[in-house]
Number of protein chains: 2
Amino acid sequence: MSVVEKAIGLLNHFSTARPEIGLSEFCRLARRDKATTYRHLTALEAVGLVEQNPTTRAYRIGPAALRLAELREATVPRRDGVLQPLATLADRTGESAHVSVLSGSSLHSLAVHESTRHSTRVVIDVAILPLHATASGISAVAFGAPELRDAALANMNRFTDFTPTTPEALDAAVAEARRTGISTSDSGFEAGVHGMAAPIYDQSGALAGAVAVASVATRMTAEQEFTNRTALVEAARQITRNWGGTVPAVVEAAWADTLTPMPREDAAR
Amino acid sequence: MSVVEKAIGLLNHFSTARPEIGLSEFCRLARRDKATTYRHLTALEAVGLVEQNPTTRAYRIGPAALRLAELREATVPRRDGVLQPLATLADRTGESAHVSVLSGSSLHSLAVHESTRHSTRVVIDVAILPLHATASGISAVAFGAPELRDAALANMNRFTDFTPTTPEALDAAVAEARRTGISTSDSGFEAGVHGMAAPIYDQSGALAGAVAVASVATRMTAEQEFTNRTALVEAARQITRNWGGTVPAVVEAAWADTLTPMPREDAAR
DNA sequence: ACCAATGGTTCATATAATGAACCGATGCAG
DNA sequence: CTGCATCGGTTCATTATATGAACCATTGGT
């Protein structure tokens with residue numbers, strides 16, 4: 001791992017729950033010594049990616065982040081086409097909704113919307129989603145390029161007792177996702193969190209990311225699952241349209257099958 | 001300069017005008033060899049700060065930028081408090097308006113708004129503003145901590161024939177800014193660009209940055225200058241209020257003096 | 001069929017990253 | 001006010017890591 005990755009990796013320890021981090025705390029989080037951590041932080045500070053709270057001396061994300069994000073949206077506009085469908089999804093399901101984008105073979109969180117219906121809800125606060133342990137990741141493997149399966153297999157960390165850690169377990173989840181058009185992960189990443197996700201596409205025609213709903217597992221009923229499924233399909237269609245893509249016929253067919261299991265009169269369209 | 005700074009420094013070559021950059025072009029821009037540039041780019045790619053356009057192989061800003069910006073906003077909400085006053089400023093003056101924030105002793109561009117009144121306008125496309133050669137920088141030196149003057153003197157690049165490159169020239173501009181509350185830079189950074197700036201403050205009570213108007217120099221008249229000055233003061237007050245700061249009395253006094261030069265009946269308030 | 005680009009890779013060399021130990025400041029308990 | 005713990009920051013010999021000239025393999029233009 002290069003110095004650059006190590007240094008920038010420090011930024012991953014920031015979250016909305018932990019927006020400012022002191023030097024010593026950084027050393028503990030990053031499991032590195034003080035001198036190295038300090039130099040990395042001052043380097044990041046020099047380029048504006050972090051700055052120090054002048055009163056507490058704690059470090060926080062710096063202003064350069066804003067400029068980079070502006071450039072990103074100017075280059076690859078994604079965020080705008082996502083916020084409205086995401087809000088609707090969170091509303092309709094009453095759960096936390098989020099969208100991730102595929103970059104190379106990793107899935108980056110793009111936007112989150114938490115519903116206020118329940119007092120308990122899932123907080124998504126992670127930068128890079130593991131491919132094998134999240135519903136979004138399973139969607140990526142199921143509907144993305146074959147290399148994504150290799151990438152998933154190359155990094156099968158066990159997060160909970162339910163994390164799929166064998167190729168067979170992964171393939172089973174992937175097969176189910178391909179059959180229904182919706183991937184599922186029950187406590188695979190975090191215990192007590194039930195995730196469902198659908199693939200989204202952009203103008204390139206290739207898989208671009210995933211839209212997902214994260215529910216408190218104890219709240220999942222057959223009815224809730226059907227609501228999630230319906231709302232997810234709608235959100236995936238909208239985001240795909242906003243990004244200038246089209247949902248592949250095979251995915252639309254899978255969605256149609258599971259949404260109208262018995263009669264299939266309106267399966268066309 | 002550490003590797004981290006070099007690698008992240010590559011990101012500064014992106015701009016709205018040049019949103020994607022190939023490997024060879026990067027080597028030329030960064031004046032570094034291919035192998036090094038390539039390794040830096042792959043490191044940045046690994047952390048999601050850049051990604052490759054799958055078809056052209058050119059590099060562009062990656063999705064991690066969005067997450068960092070989101071965290072920045074959650075930690076230090078700035079941008080929201082700037083956009084509306086900036087649009088008003090651009091509207092009232094008919095020129096390009098922009099805001100920069102101070103981080104340590106460098107001035108980072110935060111937001112830009114271009115007026116559509118004229119077909120020719122100034123395009124601001126720079127990440128870090130030089131302290132000695134821009135109106136915003138002069139404002140920072142004039143109203144910020146004394147160390148900023150040292151930082152300015154330590155890096156007096158000559159950009160044009162009009163760039164102040166002596167301590168005397170700098171101090172003269174700074175004195176004028178302190179007297180009027182508005183700094184000026186005529187073609188100091190880019191030929192033909194006339195800049196005016198006012199200081200802005202945040203909740204810490206210290207200088208937080210500057211708001212500026214960049215005009216095509218040939219369009220500057222006494223009337224235009226007065227319009228800019230008035231609109232700048234209003235924008236600086238609004239942004240400062242939005243950031244939870246207060247304008248120091250001495251700056252308010254300087255503004256009042258130059259805005260009502262002859263009578264001073266309503267100087268109080 | 002050629003040339004001039006491009007993106008990417010190799011490997012000996014030299015430079016830059018590393019971390020244990022250290023410093024001074026601050027805060028707290030007895 | 002003394003002693004202890006923790007904080008942010010610094011030093012310097014050791015060593016790992018970054019470097020870049022030279023090298024491929026492709027691509028696109030003429």
Side-chain angles (χ1 to χ4, degrees), chain A residues 1-14 18-62 75 103-106 145 147 150-151 204 206, chain B residues 1-14 18-62 75 103-106 145 147 150-151 204 206:
Chain A
M1 188 191 266
S2 77
V3 219
V4 182
E5 289 169 64
K6 287 184 218 165
I8 301 178
L10 290 175
L11 299 175
N12 287 332
H13 294 110
F14 288 110
R18 205 197 289 113
E20 299 201 347
I21 306 180
L23 176 58
S24 298
E25 198 178 352
F26 251 128
C27 298
R28 285 188 292 269
L29 290 169
R31 299 165 183 283
R32 233 183 297 284
D33 73 301
K34 224 179 341 185
T36 302
T37 307
Y38 178 67
R39 272 192 319 270
H40 288 174
L41 284 170
T42 46
L44 291 174
E45 190 174 23
V47 296
L49 275 180
V50 304
E51 68 179 14
Q52 276 187 289
N53 183 325
T55 61
T56 65
R57 283 186 176 179
Y59 295 85
R60 63 187 179 203
I61 301 278
T75 314
S103 178
S105 47
S106 44
E147 297 89 73
D150 306 332
S204 76
Chain B
M1 189 193 264
S2 77
V3 218
V4 182
E5 289 169 65
K6 286 185 218 164
I8 301 178
L10 290 176
L11 298 176
N12 287 332
H13 294 111
F14 288 110
R18 205 198 288 114
E20 299 202 345
I21 306 180
L23 175 58
S24 297
E25 197 177 352
F26 251 129
C27 298
R28 285 190 292 270
L29 290 169
R31 298 164 184 283
R32 234 182 298 285
D33 73 302
K34 226 180 339 185
T36 302
T37 308
Y38 178 67
R39 273 192 318 272
H40 287 173
L41 284 171
T42 47
L44 291 174
E45 189 174 23
V47 295
L49 274 181
V50 304
E51 69 179 12
Q52 275 187 290
N53 182 326
T55 61
T56 65
R57 283 185 175 178
Y59 295 86
R60 63 189 180 201
I61 302 277
T75 314
S103 177
S105 46
S106 44
E147 298 82 53
D150 306 331
S204 75

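A note on names: the letters A, B, ... follow the listed sequences, proteins ahead of strands, and every chain is numbered from 1.
For A:D33, the side-chain hydrogen bond (donor to acceptor under 3.5 Å, both in side chains) test picks out A:T36, with sequence neighbours left out. A:S204 pairs by the side-chain hydrogen bond (donor to acceptor under 3.5 Å, both in side chains) definition with A:D202, not counting sequence neighbours. Checked against side-chain hydrogen bond (donor to acceptor under 3.5 Å, both in side chains), B:E45 has no partners two or more places apart in sequence or in another chain. Residues satisfying the side-chain hydrogen bond (donor to acceptor under 3.5 Å, both in side chains) criterion with A:T56, sequence neighbours excluded, are absent altogether. Not counting sequence neighbours, the partners of B:E147 by the side-chain contact (heavy atoms from CB on, under 4.5 Å) test are B:A145.
Within the 4.0 Å cut-off from OP1 or OP2 of C:dA17, not a single side-chain nitrogen or oxygen of A:T36 is found.
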Mind listing the N/O atom pairs, protein and nucleotides 27-30 of chain D, below 3.5 Å?
none

Nucleotides 3-5 of chain D: which of its N/O atoms have a protein N/O under 3.5 Å away?
none

- prompt: Just by protein heavy atoms under 4.0 Å, how would nucleotides 4-11 of chain C read 5' to 3' in B, S and -?
  reply: --SBBBB-
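Within the structure, salt bridge (Lys or Arg N to Asp or Glu O under 4.0 Å) pairs that include any residue of residues 47-56 of chain A comprise A:E51-A:R60, A:E51-B:R72 (at least two apart or interchain). Applying the ring pair (Phe, Tyr, Trp, His ring centres under 6.0 Å) definition to pairs two or more places apart or across chains, those involving residues 18-43 of chain B are B:F14-B:F26.
Rounded to 10°, the helix from C:dA1-D:dT30 to C:dG30-D:dC1 has 40° between the axis fitted to its first five pairs and the one fitted to its last five.
Of the residues in residues 2-13 of chain A, those lying under 4.0 Å from DNA chain C by heavy-atom distance are A:V3, A:K6.
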